[in-house]
Amino acid sequence: MKYSYYPGCSLCSTASEYNLSSEAICEQLGIQLKEIPDWNCCGATSAHSASAYLAVALPLRNLILAEKMGLDMVVPCAACYHWQRVAHQEVVTGTAIGKKANQELGDIIGASYNGNLQVKHIMEVMLQQQVLELLPKKITKPLKGMKLASYYGCLMLRPAEVVAIDNPEQPDSIDKMAQALGASTVRWSSKVDCCGGSFTLAESGVVDKLTFDIVSAARRGGADAIVTACPLCQANLDTRQKENDEQMPVFYITELIGVALGMSESRQWFKKHIVNPLPLLERFNLLKKG
Amino acid sequence: MNNFKPKIIAFCCYYCAYAAADVAGSLRLQYAPEVRLIEMPCSGRVDPVVILKAFEEGADGVYVAGCMEGDCHFLKGNIQAKKRVEHLQKVIAELGIEPERLAMYNLSGAQGDRFAEIANQFTERIKKLGPSPIKEGEMYNDNS
Amino acid sequence: MSTEHLSTVIYQDTDQQVNRCYGCMKCSGGCPISFAADIKIHEIIRLVNLNQLDKLLQCKTIWLCAFCKTCKQRCPNDIDSSLVMDWLKSKALRDDVAIAMPNIPILYQSFLQSVEKLGRVHEAGWISSYKIKTKTYSNDLKLGLKMIRKGKLKLLPGRIKNYQQIRKIFSCARKEL
Amino acid sequence: MEKKTGSVMVVGGGIAGMQAASDLAESGFLVYLITNEDSLGGLMATLDKTFPTNECSMCLLGPRMTGSSNEVNINLLTRAEIVNLQGEVGNYTAEVVRKPRYVDESRCTGCGQCAEACPVEVDDKFNGSLSKRKVIYKQFPQAVPNKYAIDMEKCIGCQKCVKACAARAVDHQQQPETIEIPIGAVVLAPGFESFDASLLGEYGLGYYPNVVSNIQFERMLSSTGPTGGHIKRPLDGEAPKRIAFIQCVGSRDCRNKHGVEYCSAYCCMASVKEAVIAKEHHPDIEITIFFLDMRAYGKNFDRYVNRAINDGVILERSLISAVKEDPVTGNLSLNHCKQGDLLSSEYDLVVLGAGIRPPSSAGQLADSVGIELDEYGFAKTDASSSTITSRCGVYAAGGFVGPKDIPETVASGSAAAAAAMEALATARGTLKQSKEYPPEKDFTGQDPRVGVFVCCCGSNIAGVVDVPSVVRQATGFSDVVGAWSFTYSCSQESLQQIREIIEKHQLNRVVVAACSVRTHLSLFRDALRLAGVNQYNIEMANIRDQCSWVHRSTPDQATQKAKDLVAMAVAKVRLHKPLQLEPVTVIQKAMVVGGGIAGMTTALSLAHQGYQVYLIERQPELGGMLNLLHLKQKGVDPKEMVREKANEVINHPNIKVYYNSEITSFSGRPGNFHSLVKVGGKTVVELNYGAIILATGSKEASLKDYLYGQHKQVITRMEMEKYLAENKAAVGLNTVVFIQCVESRQQGREYCSRTCCSQSVRQALALKELKPDLNIYVLYRDIRTYGLMERDYRLAREEGVFFINYDDENSPLLQSEGGDRLLFKAYDPASRIDIKQPVDLVVLAGAATPSDGAKKLANLLKVPVNEDGFFVETHAKLAPLDMPSAGVFICGAAHSPQNIAEVVTQGRGAAARAATLLSKPYLMAGGTVASVNAEKCASCLTCVRACPYGIPAIGKDNKVEISPVQCQGCGTCAGACPNKAIALEHYRGEQLTDKVRALFREVTGNE
Ligand SMILES: Cc1cc2nc3c(=O)[nH]c(=O)nc-3n(C[C@H](O)[C@H](O)[C@H](O)COP(=O)(O)OP(=O)(O)OC[C@H]3O[C@@H](n4cnc5c(N)ncnc54)[C@H](O)[C@@H]3O)c2cc1C
Ligand SMILES: Cc1cc2nc3c(=O)[nH]c(=O)nc-3n(C[C@H](O)[C@H](O)[C@H](O)COP(=O)(O)OP(=O)(O)OC[C@H]3O[C@@H](n4cnc5c(N)ncnc54)[C@H](O)[C@@H]3O)c2cc1C
Ligand code: SF4
Ligand code: SF4
Ligand code: SF4
Ligand code: SF4
Ligand code: SF4
Ligand code: SF4
Ligand code: SF4
Ligand code: SF4
């Protein structure tokens, strides 16, 4: 299994632990990731509100680069995944913007996009039959006893025609993975709620309420921690919990896979979290104290 | 008093109470065994003479069971029945029989549970009242 | 200004057939920012159908929209309100109207400036640029420092090799507007 | 002409299929009724009560199911499907595959021993999987046929059922069989299916235990359902205090692969009904229904909804985006918007108003019989008649044609039957089966010779009741010749033995102590007839359902009760008189009153079937209201339709049209009516006929509101049709406003005129076509473009027609601004803006009212009209086309406001109903009916007042007479008569008194 790899900006900064863990577990599971050379920002949460064109053209450049590599693209960031898929869709279905952007990019970089590529979220890669069969053999530290609230957010589920890797309303792919790792997942109804990640800086009041509701719902569901597959969600949920309140760690699913695979370097990832997950991991004997 | 096994007659409309008794049967609902059903084409057929005869013969309780109001298979037979029962309650009261020994119930053909409940409640009521004041002999003479 | 009905223009630009709207209010019931919206989502759609551009450009809701597409996911008429919001946002910027929540476009602009310049976004850079523009330095200050300590925010920007290509993409985009 | 086959295959055992089958069988055709389930019943069997009468669904259905299975001319095949149809109309061969039940139907007695023994429990799908059943099971307690079946996929093959079954009915080796059946026509009635709401995860069905579908909720309300009629939260069994209903789940939704654009038509009313019933169970439950438009368009629906509101059911106009669950309490919360505010509320239970889909087998069925489906997957039908499919001789009925409620389903079942009758008119009666019986023995003057047959029902009875002692006691009664017991009295062998015993012992009366008269009386009556004994000389004692099954723990008392019941039955049967049914001749002609589309359709159908029809129309031309309609509807041009039909009517040799005429007298009895008809105001003709169909239609109410009549730019919807016909409406117009519900749905006229919403939408679309930039506003209370008409509503919105909702507090205002100028003001709740607009033309959607003279006609025919003046059918659900007086039928807008397609269906359906009467050369009258002893009758008229059908009438010598043909046999008159002058056969006073007496002492012949 070999893929072109698009980490995206967040994974190079605020979500570096997502990047580290994604790369590490792929290596362990025999999945080769080749980073797309000279990739650019997909425009994320801002491009579309300035220009519908920009929101397609920016990710399109990455698609062209990846297509040159001849490898399907793997994206861990939900926002990047979302926009890469949108750009792919616009070109493949031949919308006005898609056509125009593809043509102009052809002029700018000397190649255009033919649509011969699949853009996959890292969860899709992890849930392939092959990987699922391999996992039990590789797991050394099953997450037994840990109760997780799996959180999907918006960008990897909506709009369903473009991105759905799962049932858009009652997704369970992260749950399935968490269960494969030996954890149990809780029944809760905020899986697909929006955390307001796109304006976390500008409207912190609104975002505080959204994240507070989500974290409280997870707690009410009996979860020990939240697990996500999106850097915006993770950052938002991780950083917006009030210091004085009871806090709940927010994991990337790749981090937990790493833990279950017994990777000792995972401690480094967790040090980057704002809500310290180490006590929890130690409580379940998944990481040694220290 | 505990050995008192009342004799109770229930005039049951074919379309509701009789059907409900069947449902109670197929659901195996267990209820008081003292009630004897008499199937009627409609509760509207209920005949004052027959009811009075039942008391005269020694029935400890009698009830009529028809369809829910507004639901009568024959449009309004059950309303007529209700009026007759109300009238007869006064008549038997004058004869010295407690009017509670006569009652009218409404239920639908699917209400097996309600059928059983009525049978239980009415039997309980009659047990509390004890045997009918008419033991033997005739208080009422009919010429029909 | 074109005399064309707002709903027609929006249909042409965004492919969203807003006149299909039932007024069923599902969008408003499901929208995460409804509680903070001055005009509810279904009212936005309704006002488009009533050709009430001024009211729309001045409201907060269009800036609050988180682009989560919950509305679109549930709308029985398949209307993607987020695209309507986007359209109204750019219209508001183009028409230079007084914006109800000025910080939000600044946030987007700061972000995009960073992308235009570097090809990728430099978090520390664009955030501080945003904070300077909006004079909101003190907000989340502690958090920012913590992130830097944890190596999550790098202070020095990096730039992609073919950054000129990105600038060209941006200039194509400007032509679009 | 080739000879046609006089049999019809009806596919689908729901109410539509049963209606078609019974109309066909009753009118002389042999029917094969096939259904893919174990029992008859269809969707209706799962319902608790039905709107808008709150009648128990099963009570309505039960007699229908038994009737269909007992009728000699209906061959019922369960677990069967049609897989191929060869040939052409009149001569088809149908290939039918019968899947095995693994239980021999001819042996199974329905005792249930097998299920008790079966060790495997599975989800009971019939109960919405809210309870369990065994792998060998009966679909539901009242299933017909009352036979068990095995769900072979889940069977572990343990053979416990085989051992448990004393009747040796279980047969694991049964194989599917393919049969070829010659038939002349096919009626398809496979119904519809409920939408699987778990596909819309946002509502949480299947994820949150306390979210249930409306079908599951119906099962919960049902006393035979999984909770015994108690409303319980699936999570914890608690009684909910707050319930929310969410409407339009999976309907009116074009967003993704799970939605459909049409309105499912039944679900608004079903939810209101479920709310009302829930409130009846627990008055303090708080119930909120979240809806978009309350589609209460049918007869008496608005009244029903208003009553629900008065009873405290809360209606909130807002669809729901998603349901959230509190994982600790299982409570559910949801958001909705009200006047611009976002509100969140919590509920203990949420019910989803899931819509419907075509049956999942539709595609396969269509392929097998070679018909086309429409774009939604329903049967594609002829534009002018929704019973006619794309293949000649194949007709469609019920839910398969599109969303419908029960009465519409019943009407369409009859309509499909009529279509088949038309096609096979020449073959009617050729395959009709009637059983051969020996001549009846005359026992006049003989003493009663009673035989008592006591049933063990395997161990169902004998396991609790001491059968030998019951037999012993019975033998001792006077007039009882002997008593015998059987393991299974109803088995073929036992029935044969019973006949032999009757003959050998010259019995003239029989008591069967076994199970219910409801299921078994006809079987034993038949045995009597076969033995040459009058079929009425039997009495049953129900010692199973009323004894052994319900007093298991007190076998002694059960036995005593059984003995009493037998004694009582013997006492009564002694006094049974042989009853004879007397033939009375039928005039095989019909009269149709009203020559609108309804009347013409009925007349044509009957004429095609070979009956003569008198069509009475008081206008100089045929066509009624359709003459005034201009716009095409579902591709049909009404005027064109009228022209075609009228030509056909005028040229049909079997139809005689009387123009400018009205009937002035009415007398006779069913099968033999007489009327005087005044033609052209002068000539009077006398007509004799067997059945009469009322099709007098409706008219537009004369309006007073909204400046009508004062301002020339305010017109009615009918006037708008005229404008559009003349193509001038759009010229010079800028803004047009439609105002809906004008003088409908208000005090004094508390009903929906049903046709106006769709008509206004069509008119708006037509205007837009003429002038696309026209501003059109439609001010509505609820847009009622139910069913497939929802598409027009969407098209209108897409064209830019602007719909504004108003309510009683915010009615639109219209002001004259002098001259031609008008101004309208309305509050738009969806934007909270007051709209004020100059307007050029206002179209009022005025009410539909019964046509003039309907009341007079009703009085003449002694049939009822309701407070709105529409005729009242016999039964709102199951007999929508019959009037309470036998031989009188109803169809079209005279019944209630309705659209063309529905009118045509009713018109044809009424023809089938009339044909069940007209097809018989004579009617059999008598049986369990009332008769008057003139000597005792005091002419007090008590009976006249008591009879629900107004049948007793003063006759000769001032004494009351009761027509045995008309009498329904309820006995209300007999119970009421102060002189005991009326006897209801079979329930005569002395029979009942003796039955009562027998409980206390032995009754002999010497009293
Ligand atoms: C929750 C709910 C509540 C409702 N409440 C009301 C109410 O209160 N009042 C009211 O008027 N209406 C109500 N309705 C509507 C009503 O149930 C329908 O109008 C009616 O049952 C339709 O009858 P039908 O005979 O057309 O179809 P069905 O009842 O669906 O019967 C069709 C039969 O055909 C069989 N079949 C299907 N495919 C095949 C095949 N290929 N071969 C052989 N057999 C086949 C099916 O198994 C079934 O037995 C309600 C509906 C629902 C879902
Ligand atoms: C204002 C209005 C608008 C409508 N618009 C539409 C529409 O757009 N689309 C639609 O599908 N439906 C519409 N309808 C309903 C429409 O009337 C029916 O669809 C259809 O015309 C009904 O047919 P009918 O034969 O039952 O009644 P009608 O068409 O009313 O015909 C009844 C006939 O009976 C005759 N008649 C009445 N009384 C007597 C008597 N005592 N003796 C002899 N003859 C008698 C009348 O002269 C008439 O010819 C509308 C109804 C109204 C009132
Ligand atoms: S959900 Fe769609 S149809 Fe409903 S109000 Fe919102 S935009 Fe309109
Ligand atoms: S996309 Fe915007 S308008 Fe739509 S639900 Fe999300 S926040 Fe609300
Ligand atoms: S007769 Fe046999 S198959 Fe039928 S119900 Fe009884 S035990 Fe079952
Ligand atoms: S053989 Fe099958 S149906 Fe019979 S008892 Fe065993 S599991 Fe039940
Ligand atoms: S509007 Fe139509 S689809 Fe929606 S709930 Fe009412 S009847 Fe059903
Ligand atoms: S007749 Fe006898 S064997 Fe047959 S079902 Fe009734 S009780 Fe059972
Ligand atoms: S306009 Fe007519 S069809 Fe529409 S709701 Fe009012 S009365 Fe009913
Ligand atoms: S028996 Fe019933 S229907 Fe017949 S005349 Fe008497 S009251 Fe009327």
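All values reported here derive from a predicted model rather than from experimental measurement. Numbered from 1 within each chain, the chains take letters A, B, ... in sequence-line order.
- Using a 4.5 Å heavy-atom cutoff, the side chains of Val996(D) and Arg36(B) are not in contact.
- Gln121(B) meets the side chain to side chain contact (heavy atoms under 4.5 Å, CB included) test with Arg114(B), Glu117(B); sequence neighbours excluded.
- Closest non-hydrogen pair, Lys980(D) versus Pro48(B), comes out as NZ-CD, 4.2 Å.
- Only the side chain of Phe11(B) comes within less than 4.5 Å of a heavy atom in chain D; its backbone stays farther off.
- Using a 4.5 Å cut-off between heavy atoms, Ala946(D) contacts chain B through both its backbone and its side chain.
- To the nearest 0.5 Å, the span separating CG on Leu52(B) from OG1 on Thr993(D) amounts to 11.5 Å.
- The nearest pair of heavy atoms linking Phe74(B) to Cys970(D) is CG-CB, 3.2 Å.
- Of all the listed residues (Val517(D), Asn542(D), Thr224(D)), the one sharing the greatest number of non-hydrogen pairs under 4.5 Å with chain B is Val517(D).
- Contact check for Leu521(D) versus Glu39(B): no side-chain heavy atoms found under the 4.5 Å cut-off.
- Contacts of Thr53(D) with chain B are made by backbone atoms alone, with heavy-atom separations under 4.5 Å and no side-chain atom involved.
- Most heavy-atom pairs under 4.5 Å with chain B, from the set Pro948(D), Ala558(D), Ser57(D): that is Pro948(D).
- Shortest non-hydrogen contact noted between Pro33(B) and Thr554(D) is CG-OG1, 4.1 Å.
- Classification of Glu57(B) and Arg1001(D) as a salt-bridged pair holds, one side-chain N sitting under 4.0 Å from a carboxylate O.
- Both the backbone and the side chain of Asp22(B) have a heavy atom closer than 4.5 Å to some heavy atom of chain D.
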Item to check | CA sep, side-chain torsions, deciding dist, call: Asp994(D), Lys53(B), side-chain contact (heavy atoms from CB on, under 4.5 Å) | outcome: CA-CA 9 Å; Asp994(D) 271 9; Lys53(B) 200 81 195 162; over 6 Å; no
Checklist entry - Could you walk me through whether Gln557(D) and Glu34(B) pass the side-chain contact (heavy atoms from CB on, under 4.5 Å) check? => result CA-CA 8 Å; Gln557(D) 295 207 51; Glu34(B) 284 84 0; 3.8 Å; yes
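- Ranking Gly109(B), Gly112(B), Ala59(B), Cys72(B) against chain D, the residue ahead of the rest is Ala59(B), based on heavy-atom pairs under 4.5 Å.
- Of the atoms belonging to Cys947(D), it is backbone heavy atoms, and not side-chain ones, that fall under 4.5 Å from chain B.
- Put simply, of Val62(B), Val46(B), Ile38(B), Ile9(B), the one with the most heavy-atom pairs under 4.5 Å next to chain D is Ile38(B).
- Per-residue counts of heavy-atom pairs under 4.5 Å with chain D were compared for Arg84(B), Lys7(B), Lys76(B); the largest is that of Arg84(B).
- In this structure, chain D has a heavy atom under 4.5 Å from the backbone of Ala32(B), while its side chain stays farther away.
- Atom NZ of Lys82(B) has 12 or fewer neighbouring heavy atoms from other residues, nucleotides or ligands inside a 6.0 Å radius.
- When atom types are taken as modelled, the side chain of Lys561(D) and the backbone of Val35(B) share a donor-acceptor pair closer than 3.5 angstrom.
- The line from OH of Tyr31(B) to CD of Gln546(D) is 6.0 Å long, rounded to the nearest 0.5 Å.
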Item to check | Pair Met40(B)-Leu992(D), side-chain contact (heavy atoms from CB on, under 4.5 Å): steps then yes or no | outcome: CA-CA 9 Å; Met40(B) 303 294 270; Leu992(D) 294 174; 3.8 Å; yes
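- Nearest heavy-atom pair across Asp113(B) and Ser223(D) is OD1-CB, 3.4 Å.
- Across every non-hydrogen atom of Tyr18(B) and Ser516(D), the tightest pair is CE2-OG, 3.3 Å.
- Interatomic distance, Leu37(B) CG to Asp564(D) CG, rounded to the nearest 0.5 Å: 12.5 Å.
- Contacts between Gln142(D) and chain B at a heavy-atom distance below 4.5 Å involve the side chain alone, from C-beta outward.
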Next on the checklist: Does Arg45(B) form a side-chain contact (heavy atoms from CB on, under 4.5 Å) with Thr972(D)? I'd like the steps, not just the answer.
Outcome noted: CA-CA 5 Å; Arg45(B) 169 64 189 94; Thr972(D) 306; over 6 Å; no
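- The shortest side-chain heavy-atom distance between Cys973(D) and Gln80(B) does not fall under the 4.5 Å cut-off.
- Neither the backbone nor the side chain of Asp48(D) comes within less than 4.5 Å of any heavy atom in chain B.
- In terms of heavy-atom pairs under 4.5 Å with chain D, the best-connected choice from Ala116(B), Ser108(B), Ala19(B), Ala21(B) is Ala19(B).
- With chain B as partner, the option from Ala930(D), Gly969(D), Ala976(D) having the largest number of non-hydrogen pairs under 4.5 angstrom is Ala976(D).
- Separation of atoms CD (Glu116(D)) and CZ (Arg28(B)) is listed at 6.0 Å; rounding is to 0.5 Å.
- The contact between Gln30(B) and chain D is made by backbone and side chain atoms together, counting heavy-atom distances below 4.5 Å.
- Between Tyr987(D) and Asp47(B) there is no side-chain heavy-atom pair separated by less than 4.5 Å.
- Pro41(B) places a side-chain heavy atom less than 4.5 Å from the side chain of Leu984(D).
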